[in-house]
Every structure is written in C-alpha cells, then in structure tokens.
Amino acid sequence: MAEIFKNIPEIKYEGKNTKKPLAFRYYDADRVIMGKKMSEHLPFAMAWWHNLCAAGTDMFGRDTANKSFSAEKGTMEHAKAKVDAGFEFMQKLGIKYFCFHDVDIVPEAEDINETSRRLDEITDYILEKMSGTDIKCLWGTANMFSNPRFMNGAGSANSVDVYCFAAAQIKKALELTVKLGGKGYVFWGGREGYETLLNTDVKFEQENIANLMRMAVEYGRSIGFTGDFYIEPKPKEPMKHQYDFDAATAIGFLRQYGLDKDFKMNIEANHATLAGHTFQHELRISAINGMLGSIDANQGDYLLGWDTDEFPYDVYESTMCMYEVLKAGGLTGGFNFDAKNRRPSNTYEDMFHAYILGMDTFALGLIKAAELIEDGELDAFVEKRYESFKNELGKRIRSGNATLAELAAEAEKMGSCPTPASGRQEYLESIVNRVMFG
C-alpha cells in the first residue's frame, strides 16, 4: 500500500520545550496521572466525516482541500482510499479509535439496498485494516440530516415513508457498529425539530422520536450491541429549534419516555455554547444525572453564532472539561475530534497539526485538572460552603424528613435575617490561575 501522507513521520512526544512542529508537547500516552495512563484518560477518536470527507466547502465557496486521496470521488475506490488514509493517519498519531456516519464511509446510492451493499463491502475492508492493529470503533451513527428526504426531520418527519427510511438507516448503522465492535451508538437529531409551530405537532413528533429510539434499543440489544446509546444535544442549526436543546432537556426527554437506562449524553463543546451554556455546565449536568457518556472535543467561536467545529486550543476549557471528567470517574465513551481545519488550512500537514493541537490541549487540560483536584482547595471550599447542612436540622432537610412548618418555626425563632457567607468566586478563580500558571 502506497504511503498517502508522505513526509509526515510518526508523531511522538518530545516535551513542552520542543520546537519540532510535528511532535506532541504534552500528550505523553504512557504518563501516569491519578493512577491511569494518559492514553486511558484520553481515548481519542478520529471523526471520519471531518477528517476524511470535509474539504473546506462552506455556504460561500467550494472545496479548498484535496481529500480525493488519489481516487475519483463518489466511487467505492474513493471510499477505500479514505479507509487507507484514515488508518495511516491514526497510526501515525497513535489514535486508537474512530467514529463514523453511514454516508461518510460510502457514497449513498439512489436505492437504499445498493447503499447497504456498499456499506457491507466497505466495512469488510475496514475490518481488514483493523486486523493486526489496536484501532477500534468508538461509535457509529446514521446521517439522517443531509439527504433532502430528511428536510422535515427523520424521527420527527411528517411522512411515514421517510420515517421508514430513517428506521432502515438506523438498523443498518447498528449492524455495522456491532460488526466493527463499536462501544456506542449516537443519535444526533440534526433536523429533529421545527422551523415554525404553525405547522408542527410537537407532542406527536417527540413521541415518534421516542418510539424510533425505543425500536433502535430493542433491535440493537437483539443483535448483541451491549454498549451505550447516546444523545448529542444541540439547540439549533440546522433547524431553528431542536428537541435535544441541551443536556437537561435531553435527559428529561429520556426519562419521560423510559429510555434513560440505555442512553447517556455525548456532549459537544460547541453545542454547549450555542445553547448558552459553558462546556463545563453540560458535562456537570450529565454527570450528576449519571449520564456522562462521551465527548465531542471541539470548540466554537464566541463571536460567531453557528457551529464552527474548531479544533480545541483553549486550555482553560479543556482543564474544566477534564476536571468534570475526572470527578465523574471517566467516560464510558471517548474524545471524538468532531472538528475541522479552518478553510485556508488545506494541506495534509495541516490535518496533523490540527490533531496535535487538539490532543495536546486536552493532555494539558488533564494535567492541570489533576493538579486542581490534588491541590484540594476547591473541594475544601465547596465542602465548607455547605457545612451548615451537617447539623441536625440540615440532615433532616437532606434526608427529606423535615416539614415546611418545622423550618418556618426555626426561622421565627431566629427572628433576624441570617447573613450568608461569601461565595469568594474571585479567590477561587485565582486558585485556578495559580495551578494553571504557578
């Protein structure tokens, strides 16, 4: 097999002071942090769609990067060339996982039966490439947003025929995920939402989405899928309002329809900010509900109001992310780089620079998050802030045994208004800075 990324060496850890551009400065796979290797804390995954498919097209211009990999686009030869490129790319970076949509890995045919045949062929080829390596599938999913048939949604479609096509795609994508040994299966409701309530029955659509997810769980379990199903929250884009708005909304939906035992959250940084939250907030809400599953590692641009899918470089953000992940005991999934090079960064070398940036950013975030936890000052402050609930009355409140009348009587005995202690936000932020830069 001819080398595709010529002149790109195997990327190695060289340390923070290296000036070598194609090297890791912070990602040292074997470094042990809090009892685990860095590679175990950070199971990185390559996103098939961005890394091997996205070539710089946007609403205002065509491709700027060549992702043909010396094959004619839209052919099975090109699909196999992407497999070759993907595995060479992962092996040179030491990445152990990949994620895919069905139509990332083959060109979609006019007839769904032909698409399924192509998917069988390409996954046979992917299995061949996996053999003899330690590369695995993190998760699979079905693209139910690009094809015009999904203009009104997939599970939320107003057409039973479209709903059946969505079911067929999910069925096949689940079979492929099991075939490739995937740890998870993702639902991103790219068009599960509405543009206007004037033509929308929200209850009807949400019930249909829940039914489709329930059927997916039943079928997946019947064919041996033992991993987690994930919902990836996003508030808007491409639809004006999407039903999986944020983690809290998605968790409420899962509980309402009895799906919470099989599903967890796949949290994306850029989607969190689009919902008006921080990345840390979405991770915390998922974690405290026992539903933190996997992460789309990217970031957005606060000056732009859409999903820019940038490679992560903000170490504050990655530190706060890893703080939540470590506190939650880790992920059942991994860190998928759902990120794409900026349009002018259009060379093969730029693809490697982007992944080095993302992997180093999260490695440094892991190092600093562990230092914050080991430092202990943040935990100690939070513990002290709620210490009044450790007295007898506080314990009765926490256990659910206090009554409203009892608490009102306590307030009447106090008479004067109590003075709460300072939250000391600025002091705590200075602790973070001390650990980050001290």
Side-chain angles (χ1 to χ4, degrees), residues 139 141-142 144-145 150 152-158 163 166 170 184-217 228-300 302 305-309 317 320-321 324-325 328 331-333 336 338:
W139 52 253
T141 188
M144 299 187 296
F145 49 88
F150 296 126
N152 296 307
S156 61
N158 59 308
Y163 194 88
I170 292 169
Y185 184 86
V186 172
F187 280 87
W188 176 57
R191 297 190 189 274
E192 310 292 44
Y194 61 81
E195 301 289 355
T196 175
L197 287 172
L198 297 176
N199 62 10
T200 303
D201 185 333
V202 171
K203 185 172 184 291
F204 179 95
E205 292 190 357
Q206 290 194 338
E207 287 172 349
N208 272 2
I209 294 168
N211 283 332
L212 190 59
M213 288 180 171
R214 188 175 297 111
M215 287 186 277
V217 170
D228 289 320
F229 289 87
Y230 299 123
I231 284 184
E232 184 175 326
K234 187 179 184 183
K236 58 186 176 182
E237 192 199 65
M239 301 298 269
K240 179 179 178 180
H241 181 98
Q242 296 184 185
Y243 294 133
D244 49 4
F245 186 92
D246 60 6
T249 304
I251 290 166
F253 169 86
L254 292 172
R255 287 179 173 159
Q256 179 181 358
Y257 293 105
L259 294 163
D260 50 305
K261 299 297 186 292
D262 291 283
F263 277 81
K264 287 184 169 63
M265 295 295 108
N266 182 64
I267 297 298
E268 178 177 317
N270 203 167
H271 293 180
T273 51
L274 286 177
H277 302 310
T278 62
F279 187 20
Q280 185 181 16
H281 168 88
E282 289 290 86
L283 296 168
R284 179 74 63 91
I285 294 302
S286 301
I288 64 174
N289 284 281
M291 290 193 185
L292 178 55
S294 201
I295 286 174
D296 273 14
N298 64 15
Q299 68 182 63
Y302 288 101
W306 63 84
D307 196 1
T308 55
D309 283 336
E317 284 287 290
M320 292 300 103
C321 167
E324 297 301 325
V325 170
L331 303 174
T332 60
N336 159 49
D338 185 12

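Bear in mind the structure is a predicted one, so any value in this text is a computation, not a measurement. We use all heavy atoms of the structure for the numbers below, so side chains are in, but hydrogens, waters and symmetry mates are not.
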| message | Just verifying a value: how many Å separate H281 NE2 and I267 CD1, rounded to the nearest 0.5 Å? | response | 9.0 Å
| Looking only at atom types and distance, does a side-chain atom of T200 sit under 3.5 Å from a main-chain N or O of T196, one as donor and one as acceptor? | yes
| field | L283 vs L292 side-chain heavy atoms within contact, under 4.5 Å | value | yes
| field | From CG (D296) to CG (N266), nearest 0.5 Å | value | 4.5 Å
| said: To check you understand the geometry: which heavy-atom pair defines the closest contact between S286 and M265, and what is its length? | reply: OG-CG, 3.4 Å
| Hey, does the side chain of E195 reach the backbone of M239 with a donor-acceptor pair shorter than 3.5 angstrom? | no
| task | Over all heavy atoms of both residues, which pair between I285 and A247 is shortest? Give the atoms and the distance, please. | result | CG2-CB, 4.2 Å
| field | Reported CE-to-OG1 distance for the pair M291 and T332, which is rounded to 0.5 angstrom | value | 11.5 Å
| message | Run L197 and V202 through side-chain contact (heavy atoms from CB on, under 4.5 Å) and show every step you take. | response | CA-CA 8 Å; L197 287 172; V202 171; 3.5 Å; yes
| Y230-W188 aromatic ring centre distance below 6.0 Å | no
| request: Indicate yes or no for a side-chain donor-acceptor contact from Y163 to the backbone of N208 under 3.5 Å, with no hydrogens or angles considered. | output: yes
| Between Y243 and Q206, do the side chains contain an N or O donor and an N or O acceptor separated by less than 3.5 Å? | no
| request: For residues A275 and D246, report the shortest heavy-atom separation together with the two atoms involved. | output: CB-CB, 4.2 Å
| query | Does D307 come within less than 4.0 Å of K234, counting only side-chain N to carboxylate O? | reply | yes
| field | Side-chain touch R214/Y257, heavy atoms, less than 4.5 angstrom | value | yes
| Is the closest side-chain heavy-atom distance between Q299 and T273 below 4.5 Å? | no
| said: What verdict does the side-chain contact (heavy atoms from CB on, under 4.5 Å) test give for E268 and I295, after you've listed the backbone C-alpha separation in whole Å, the side-chain angles of each residue and the deciding distance to 0.1 Å? | reply: CA-CA 6 Å; E268 178 177 317; I295 286 174; over 6 Å; no
| query | Is the side chain of H271 donor-acceptor paired with the backbone N or O of P233 at a distance under 3.5 Å, no angle test? | reply | yes
| Within the side chain of E192, is there an N or O that forms a donor-acceptor pair under 3.5 Å with the backbone of A154? | yes
| field | Exercise: identify the closest heavy-atom pair between L331 and G293 | value | CB-O, 3.4 Å
| field | OG1 on T308 to OH on Y302, rounded to 0.5 Å | value | 10.5 Å
| field | Rounded distance [0.5 Å steps], CG in N336 versus CH2 in W139 | value | 5.0 Å
| message | So does V186 get a backbone contact from the side chain of T141, meaning a donor-acceptor N/O pair under 3.5 Å? | response | yes
| query | Short question: side chain of R191, backbone of A157 - any donor-acceptor pair under 3.5 Å? | reply | no
| message | When you measure from the side chain of N298 to the backbone of N270, do you find a donor-acceptor pair of N or O atoms at a distance under 3.5 Å? | response | yes
| CD1 on I209 to CD on E207, rounded to 0.5 Å | 10.5 Å
| request: Mind listing the closest non-hydrogen atom pair of G153 and S156 along with its distance? | output: CA-OG, 3.6 Å
| query | Hey, mind stepping through I170 and M213 against side-chain contact (heavy atoms from CB on, under 4.5 Å) and telling me if it holds? | reply | CA-CA 9 Å; I170 292 169; M213 288 180 171; over 6 Å; no
| note | In short, K240 meets K236 closest at the heavy-atom pair O-CB, 3.4 Å
| task | Please assess K261 against V217 for the test side-chain contact (heavy atoms from CB on, under 4.5 Å), listing each intermediate value before the final yes or no. | result | CA-CA 10 Å; K261 299 297 186 292; V217 170; over 6 Å; no
| message | Are F229 and F263, when compared by the centres of their aromatic rings, separated by less than 6.0 Å? | response | yes
| task | May I ask you to decide whether R284 forms a salt bridge with E324, counting only side-chain N to carboxylate O separations under 4.0 Å? | result | yes
